[in-house]
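Beneath this line is the structure, given in structure tokens, with notes to follow.
Predicted, not measured: the structure shown is a model, and the values here were computed from it. Letters A, B, ... mirror the listed sequences (proteins, then strands); counts begin at 1. Only heavy atoms go into these numbers, but all of them, side chains included; no hydrogens, no water, no symmetry mates.
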2 protein chains.
Amino acid sequence: MKIDPKSAGDLSAQIAKALRDAIIAGELIVDERLPSEAELADHFQVSRPTVREALKRLAAQSLIRTQRGAAGGAFVNRISFEDAYVQQITTSTLLLSMNEVSFDTACEARFALERACAPLSAERRNADQLATMRAEIFRQNQPGLTDEAFCASDVAFHRALVDGASNPVLSYQLAGAVEAMQPLMNMITFTARDRERIVELHGQIADAIEIRDAEAADRALAELTTYTLELGTKAMAARDAQRQQPK
Amino acid sequence: MKIDPKSAGDLSAQIAKALRDAIIAGELIVDERLPSEAELADHFQVSRPTVREALKRLAAQSLIRTQRGAAGGAFVNRISFEDAYVQQITTSTLLLSMNEVSFDTACEARFALERACAPLSAERRNADQLATMRAEIFRQNQPGLTDEAFCASDVAFHRALVDGASNPVLSYQLAGAVEAMQPLMNMITFTARDRERIVELHGQIADAIEIRDAEAADRALAELTTYTLELGTKAMAARDAQRQQPK
DNA sequence: AGATTTTATTTGTCTGACATTTAAAAGTCT
DNA sequence: AGACTTTTAAATGTCAGACAAATAAAATCT
């Protein structure tokens with residue numbers, strides 16, 4: 001049924017791949033119980049620790065869950081949107097932080113995707129999502145807010161905007177793009193004037209979403225894109241200058 | 001430095017989390033060598049197999065790579081865009097196939113994101129990407145092509161379109177959305193007329209991209225969206241009808 | 001019948017050992 | 001001295017066997 005060809009990597013990686021392929025191909029369906037570790041060890045002709053390493057690999061991808069006890073075992077897991085979120089966010093965050101992705105590139109991607117959501121959000125947003133946007137704008141106006149808290153609120157605002165599209169697939173895809181930007185955004189020091197301008201644009205977006213005006217929302221988002229790129233350019237220039245003369 | 005609070009899950013999950021957090025926080029930087037398994041076991045006061053399970057979890061997420069031998073060990077891995085692609089695609093694919101996401105929802109998300117790329121692609125596409133799009137259109141015109149091959153070519157066409165934006169972050173994000181749709185698209189049986197219409201729209205998109213006309217590209221993509229949604233609705237209706245009377 | 005105890009199954013963890021790989025150290029020859 | 005070969009040590013990969021802990025089902029008792 002699922003053999004193990006002599007190919008690449010350690011045994012646990014090969015076994016994990018065989019099981020993963022079986023799940024993707026639908027040979028193992030959701031909530032189905034895998035054979036016990038002992039049975040798998042026997043089937044693949046390896047020891048139980050090796051099987052366990054393979055199973056832990058799958059568990060790390062949320063492909064299976066395990067349960068102890070008599071009727072326990074490893075079960076094919078239905079990947080929830082929550083699971084997928086957190087995986088996407090950690091992957092995206094590390095991808096950006098480890099690959100010298102420029103602020104511009106990441107920023108462009110984020111806002112391009114977000115503008116794809118805006119028309120849908122203008123059409124479908126409910127009162128809750130609008131209220132969240134307003135609440136985050138209010139928070140962003142509080143004096144004494146740290147830059148990090150300001151950024152976190154910014155993320156919350158934009159997530160509410162994205163969620164307004166009422167499309168879980170879009171929300172999932174955007175989660176990575178928006179959240180992964182946060183570390184980069186945190187490198188920016190916001191002046192009072194910067195914040196004022198951002199909050200103003202957030203207000204314009206919320207207004208447009210409220211009256212379901214897709215075009216106005218897009219215009220405001222476009223302006224926010226431009227402004228954020230400017231801030232990023234300034235911040236990077238300042239950082240580079242400091243790097244050359246660190247006295 | 002990195003202790004292990006009494007909290008949730010098995011030991012290997014806790015240890016994996018501790019190490020993962022250290023990597024995300026930047027305490028362990030790219031290409032840095034982790035302590036050996038024996039040292040980690042000693043540090044966390046667990047046995048070596050438990051440490052190994054934790055490391056395999058991290059390896060499954062491409063967070064570390066391991067090397068055997070004298071100067072071997074586990075090293076913090078620089079996640080490549082390639083690694084991130086395949087992870088995103090498997091996660092997205094399973095997410096869609098396991099959660100009864102409607103064709104409409106997935107399709108809407110995919111084309112919304114793709115339309116976000118189109119203006120950038122019109123502006124920046126190079127000759128290579130345009131040639132790929134033309135080649136795939138040519139392939140799609142071949143008679144006798146299976147539905148699966150047609151879909152695969154469709155994916156290749158759209159990936160070329162996305163890659164035209166020359167933004168690796170966008171390409172990465174879109175990879176999940178486009179590829180994950182393929183199993184759903186494969187449920188559609190394309191008539192000759194369907195294909196003709198799709199290829200015609202692909203041609204319009206390529207023409208628009210060639211002359212760098214962002215608006216024309218958007219219009220064609222919008223039409224393709226509508227048409228694909230229609231096909232999906234028809235296919236789902238046909239499938240449901242067959243399900244009720246499977247004689 | 002219902003509550004309690006026992007039992008069997010399964011994952012979680014540990015110990016100790018050996019195999020394999022690999023780089024560096026030691027040794028050897030020219 | 002320098003280049004080649006051999007040895008060694010360190011690390012991961014794998015195995016075997018054992019016990020602990022959880023848990024559901026079966027058996028037992030009231």
Aromatic ring pairing B:Tyr172/B:Phe81, orientation class (parallel under 30°, perpendicular over 60°, tilted between): perpendicular
Whether B:His158 and B:Phe111 hold their rings parallel, tilted or perpendicular, with breakpoints at 30° and 60°: perpendicular
N/O-N/O pairs, protein side and nucleotides 14-21 of chain C side, under 3.5 Å:
residue: C:dC14; atom: OP2; partner: B:Ser47; partner atom: N; Å: 2.9
residue: C:dC14; atom: OP2; partner: B:Ser47; partner atom: OG; Å: 2.9
residue: C:dC14; atom: OP2; partner: B:Thr50; partner atom: OG1; Å: 2.7
residue: C:dA17; atom: N6; partner: B:Arg48; partner atom: NH2; Å: 3.4
residue: C:dT20; atom: O4'; partner: B:Arg68; partner atom: NH2; Å: 3.3
residue: C:dT20; atom: O2; partner: B:Arg68; partner atom: NH2; Å: 3.0
residue: C:dT21; atom: O2; partner: B:Gly69; partner atom: N; Å: 3.3

A:Ala165 backbone acceptor or donor facing A:Arg124 side chain under 3.5 Å: yes
B:Glu148 atom CD, neighbour heavy-atom count above 12 within 6.0 Å: no
Do [X] and [Y] have side-chain atoms, one donor and one acceptor, less than 3.5 Å apart?
X	Y	answer
B:Asp163	B:Ser171	yes
B:Thr93	B:Thr90	no
A:Ser47	A:Thr50	yes

Salt bridge B:Arg65-A:Asp10, side-chain N to carboxylate O under 4.0 Å: no
Nucleic acid contacts of residues 53-65 of chain A, taken as heavy-atom distances under 4.0 Å to DNA chain D: none
First encountered from the 5' end of DNA chain C, between A:Ala71 and A:Arg52: A:Ala71
Stepwise side-chain hydrogen bond (donor to acceptor under 3.5 Å, both in side chains) test for B:Asn77 and B:Ser62: CA-CA 7 Å; B:Asn77 193 40; B:Ser62 305; 5.2 Å; no
Within 45° cone of A:Tyr85 ring axis and under 6.0 Å: A:Arg159 NZ or CZ: yes
Euclidean distance, atom CD of residue A:Gln67 to atom P of C:dT9 [Å, nearest integer]: 18 Å
Range on DNA chain D touched by chain A - first to last nucleotide, heavy-atom distance under 4.0 Å: D:dG13 to D:dA24
